[in-house]
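Presented below is the structure to which this report refers.
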Amino acid sequence: MAEIPALFSQRSIVVRHAKAAMYHPFIEAAALTIVDVPITFFTIMSFCIIIFFMVGLQNTAGQFL
């Protein structure tokens, strides 16, 4: 979160929109975060499924019963 002001200071279009009172830079950051959540979830799940079968973990929960 500390890098967000530095990130937006580098984006001239966001600065122009903020000066024109079109929307607040926080809304831009929130929108990017909301868009990144499904992409991150898909990436993590794909990686975990591949690793799960590569290391040969058991497919049943019988050892926990």
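Numbers here are sequence positions counted from 1. The shown structure was predicted, so the numbers you read here are calculated from the model rather than taken from an experiment. Both backbone and side-chain heavy atoms feed into the values below; hydrogens, waters and symmetry mates do not.
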May I ask you to list the residues sharing a hydrophobic cluster with I44, side-chain cutoff 4.5 Å, ordered by chain and number? none
Shared-cluster residues of F41, by chain and number - hydrophobic side chains joined below 4.5 Å: M45
Can you list everything that forms a side-chain contact (heavy atoms from CB on, under 4.5 Å) with I50? Sequence neighbours excluded, please. M54
For V55, side-chain contact (heavy atoms from CB on, under 4.5 Å) partners two or more places apart: I51, L57
Decide whether F52 and F47 are clustered together by the hydrophobic rule: side chain heavy atoms of Ile, Leu, Val, Met, Phe, Trp, Tyr closer than 4.5 Å, transitively. yes
